[in-house]
Amino acid sequence: MKSATIRCVVSQKKRIEFEIISGGAREKFAGPSMGIANELKAELVQCQFSEGSQRKAAIQRYREAFQPPKLASWIRQWASNSSNENVLCVNAVNPVLIALPWSELLIPRGAISGDVAVARVAGLNATRPPAARTSLTMLMAGWANLMGYELPGVRREMNDFAGKIDLARMQVRVVIEPTGQQLLIECEKTLADFLHFSPPAVIDDGGQLALPVTSDRSRTSASSPFSLIPLASIYKALGENRRLSMVVINACEAGGRACGDVAKELNVLSIGWPALVTDDMAADFTFYFYQRLLEGLSPIAAVLSFARTIGSALSRSEVPTVWLPSPDWVEWLPFPQAAQPIAESSTRETARTQVATGAPSEERQPTSAMGTLGGEIVLQPGTSETPPLSGVKLEFRPRPTINPALLVNGLHPIEHLSIESPIAQDGNLCIQCDTGANISIFRQTIHLKTGVVPVNVENIYFPALHELVERHGRRRRVSFTATVTSANGVELASQTTSVLWMGPKEWLDQEDSWAFIPAFVNPWDDGVVKVFEIAKRVLRTLGDPGDTFCGYQAVSKRPDYVSTQMKAIFQTLRDSIEVTYISPPGSPVFDRTSKHVVGQIVRTHTEVIDRKLGTCHDIALLIAACAEYIGVHPLLLLVTGHTFVGYWMTQKAQQEYWSSRLIRTGRFGESWTITDGAEISRLIGRRKIVLIEATYVCERDRTFEEACSRRADTFDSKIKDLLDVAIDVFAARHEISPV
């Protein structure tokens, strides 16, 4: 493995200079101004909640500025002079430069990009990495329930990791959902070589980096979902640990400042994700990465192998960032390269893993491979859920329901796909999708390594599903069959699953569908245009004869004019359209398992206007579409059995709220959904948002002011704790389009 170091400094003229240190030689290249670096950082902050497309577009616009022709030429030549893997070590001290995604900015486009890895270095002074050892210890801590919803990938990490590695060579202590105090105690008493943390995110708490952890119920209110433990406190707890050599923070956006801080303060190698990541992908990385270390790869080589496996060598935001204490750590091997694997049977009988939990005992969820002994969870021989050495395990998880509106907006029909193999071998993956009207078959050859190998589902496409969308196919069962065969055609694993294909107007009131509700808000629907034409005349009766719909443009002079515009829409629906409330249409959407109603048929906006009928959900969607049409940013709020609508009072309030959100988990839709009723209460109290009881348009004696006060007055007392979700329609538009 060949390496060179790029030192990024700021000149007196506020320009970035690149100094390359390679084999004792030094070369300098002029880079962009710090003004350009500040612009890029600001754009990345604005799109930090996007699902990737905005971030990639921003980086693409700035790549040439950070890749001066001479520097790009040097990197190409340097990489082409070696057949080995090449590592560029980037060192930056300036806070703005530290925050930039150098792996995405510096790798030149072209054939060599897959052969060059970028590592970050906290310093240039030589620090000797530890020697490889045949046996190491790990402390693993994870939090799967801090956000009010389960993170199944984190749960999978905590429960399954010990069953997928050689425990004789890596002794693991797993701490599930610990409080801050419990985590500090574990860090202090467990003299671990590796620390592995899986929180939802790393939080900047007033300039101090902190991990969100389980609240200590004895010290905080029961309503507090989590508390914060500063990284500085963790450093202090690790003060007596001279063995520690690597810290992995398997969380969204931990690969920047947080991992850099860890590498510098603890003099260890640190790894984290530079952008958003799903909890399933993060879990797959855990299983893959440590198996490669046990095989004798360096951490950098293991990360690069992961990038190639999931097909993301050209998409560096999807690959964890490696931080080194100094360039001398490039080739550090935690385990000897020539280490011989230990037989499965002896490992099961002699090694054990300890599992602790910060949750009450009744909340513990150990896997069936574990039994309890003296407060610890001990691995029992012969009870592992992992496949035998002769077999391959396929984890194939299509979504239980597929909604056409969700499919065309980018929600992939497969949630997760990974293959676990006991040996390295080539395998052929075949996935068949049978819609009953047509069949699509996807095939891919995969080089399986020992352990879990993730498969990037974003590259899998089923034309038969999109044909159903075009034909407006009604509700039906769709089956998926995934099969893995060996190179000579022998079947290694197979799984068949059927899922529910929903009709084009069907909507499920379920957690994984909430983020897609903006797909049913169509500001260009003919019914919305009809409301607008009438509301123009109503608006002039509420204010001046020359008033027009202008969204937020008049806010500086007339702060309440946004509400006046919304009032005109309300009164148009109440008095001119005369909308009447009606129960949901017949034939509701049932859950096949519970037989309970879990959704309904959604009327289009035109249907509501032409037939003058709508449910609370239909009317709320219509008002939101009208608001969006006139340039006001609407909110849709769901509580048990009811939907109502709201809007932001100013564009600035909406932008400031989303830019200040702290927790980032990579969960789809988190950048436009709010599940905490207390947050909505605070926004109401500060006059940032206004809520409207949508069904009041069906009562001729109800005023707009009553519709607003009804929701504001009852939210804290009756609704706050019943809130399922609030959806910001405008914030969703970078990912979700109307259908």
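In this chain, residues are counted from 1 in sequence order. Reckoned from all heavy atoms, side chains included, excluding hydrogens, waters and symmetry mates. Not measured: the values here are computed from a predicted model.
- You'll find the side chain of I414 stays beyond 4.5 Å of the side chain of R399, heavy atoms only.
- Although no hydrogens or angles enter the test, the distance criterion places a donor-acceptor pair under 3.5 Å between the side chain of E177 and the main chain of A144.
- Enclosure of atom CZ in R474 is not indicated, since only 12 or fewer non-hydrogen atoms of other residues, nucleotides or ligands lie within 6.0 angstrom.
- With a 4.5 Å cut-off on side-chain heavy atoms, I441 and R443 count as touching.
- Checking side-chain atoms of S440 against main-chain N and O of A464 turns up a donor-acceptor pair under 3.5 Å.
- Using a 4.5 Å cut-off on side-chain heavy atoms (C-beta onward), V484 and E491 make no contact.
- Between R156 and D284 a salt bridge is recorded (basic side-chain N to carboxylate O distance below 4.0 Å).
- L407 has its side chain within reach of L465: a pair of non-hydrogen atoms, C-beta onward, lies under 4.5 Å apart.
- The minimum heavy-atom distance between T643 and H617, with the atom names listed, is OG1-ND1, 3.0 Å.
- Inspection of the S305 and R292 side chains reveals no N or O donor paired with an N or O acceptor under 3.5 Å.
- In summary, the side chains of D728 and T673 do not present any donor paired with an acceptor at a separation below 3.5 Å, with no hydrogens or angles considered.
- One N or O on the side chain of R63 and one on the backbone of E104 form a donor-acceptor pair closer than 3.5 Å.
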Show your reasoning for whether side-chain contact (heavy atoms from CB on, under 4.5 Å) applies to I460 and L417.
-> CA-CA 11 Å; I460 300 174; L417 176 58; 4.1 Å; yes
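- For N522 against A625, the heavy-atom pair with the smallest separation is O-CB, 3.8 Å.
- Of all non-hydrogen atoms in T321 and P274, the two that sit nearest each other are OG1-CB, 3.5 Å.
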Would T606 and D526 satisfy side chain to side chain donor-acceptor pair (under 3.5 Å), going step by step from the backbone distance to the final call?
-> CA-CA 6 Å; T606 294; D526 289 343; 5.2 Å; no
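- Across every non-hydrogen atom of P334 and P299, the tightest pair is CD-CD, 3.9 Å.
- Rounding to the nearest 0.5 Å gives a distance of 6.0 Å between CG of L621 and NE2 of H605.
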Test side-chain contact (heavy atoms from CB on, under 4.5 Å) applied to I419 and K393, step by step | CA-CA 6 Å; I419 305 170; K393 181 179 179 181; over 6 Å; no
Residue pair V725, L636: steps toward the side-chain contact (heavy atoms from CB on, under 4.5 Å) verdict = CA-CA 8 Å; V725 67; L636 287 162; over 6 Å; no
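- Within the 3.5 Å criterion, the main-chain N or O of N250 finds no donor-acceptor partner in the side chain of H196.
- A donor-acceptor pair under 3.5 Å is absent between the side-chain atoms of H416 and the main chain of D280, judged by distance alone.
- Atom-to-atom distance recorded for M502:CE and R476:CZ is 14.0 Å, nearest 0.5 angstrom.
- Remark: R308 is not positioned above the aromatic ring of F306, lacking an NZ or CZ atom under 6.0 angstrom from the ring centre and at most 45 degrees off the axis.
- D618 places a side-chain N or O within donor-acceptor distance of the main-chain N or O of R603, the cut-off being under 3.5 Å.
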Tell me, with the steps shown, if V453 and S418 meet side-chain contact (heavy atoms from CB on, under 4.5 Å).
-> CA-CA 6 Å; V453 175; S418 62; over 6 Å; no
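- Checked by atom type and distance alone, the side chain of E607 pairs as donor or acceptor with a backbone atom of T604 at under 3.5 Å.
- Heavy atoms only, all atoms of each residue included: A482 and L394 are closest at O-CD2, 3.5 Å.
- For the pair F194 and V248, the minimum side-chain heavy-atom distance is 4.5 Å or more.
- W273 places none of its side-chain heavy atoms less than 4.5 Å from the side chain of C252.
- Side-chain atoms of S737 do not come within 3.5 Å of backbone N or O of R733 as any donor-acceptor pair.
- Between P738 and P523, some side-chain heavy-atom pair lies under the 4.5 Å cut-off.
- With a 4.5 Å cut-off on side-chain heavy atoms, T481 and D434 do not count as touching.
- Judged by distance alone, with hydrogens and angles left aside, the side-chain atoms of R477 form no donor-acceptor pair with the main-chain N or O of W501 at under 3.5 Å.
- When only modelled atom types and interatomic distance are considered, D724 and W514 share no side-chain donor-acceptor pair under 3.5 Å.
- The distance from atom CE of M140 to atom CZ of F197, rounded to the nearest 0.5 Å, is 11.0 Å.
- Judged by distance alone, the side chains of T435 and N438 never bring a donor and an acceptor atom under 3.5 Å apart.
- Taking the six-membered ring for Trp and thresholds of 30 and 60 degrees, W672 and H734 have ring planes more than 60 degrees apart, a perpendicular arrangement.
- With sequence neighbours left out, the ring-ring contact (aromatic ring centres under 6.0 Å, His included) criterion links H466 to Y461.
- Each of E157, E420, E395 was checked for a salt bridge (Lys or Arg N to Asp or Glu O under 4.0 Å) with K164, and the lone residue meeting it is E420.
- Annotation for S486 and N428: closest pair O-ND2, 3.4 Å, computed over non-hydrogen atoms.
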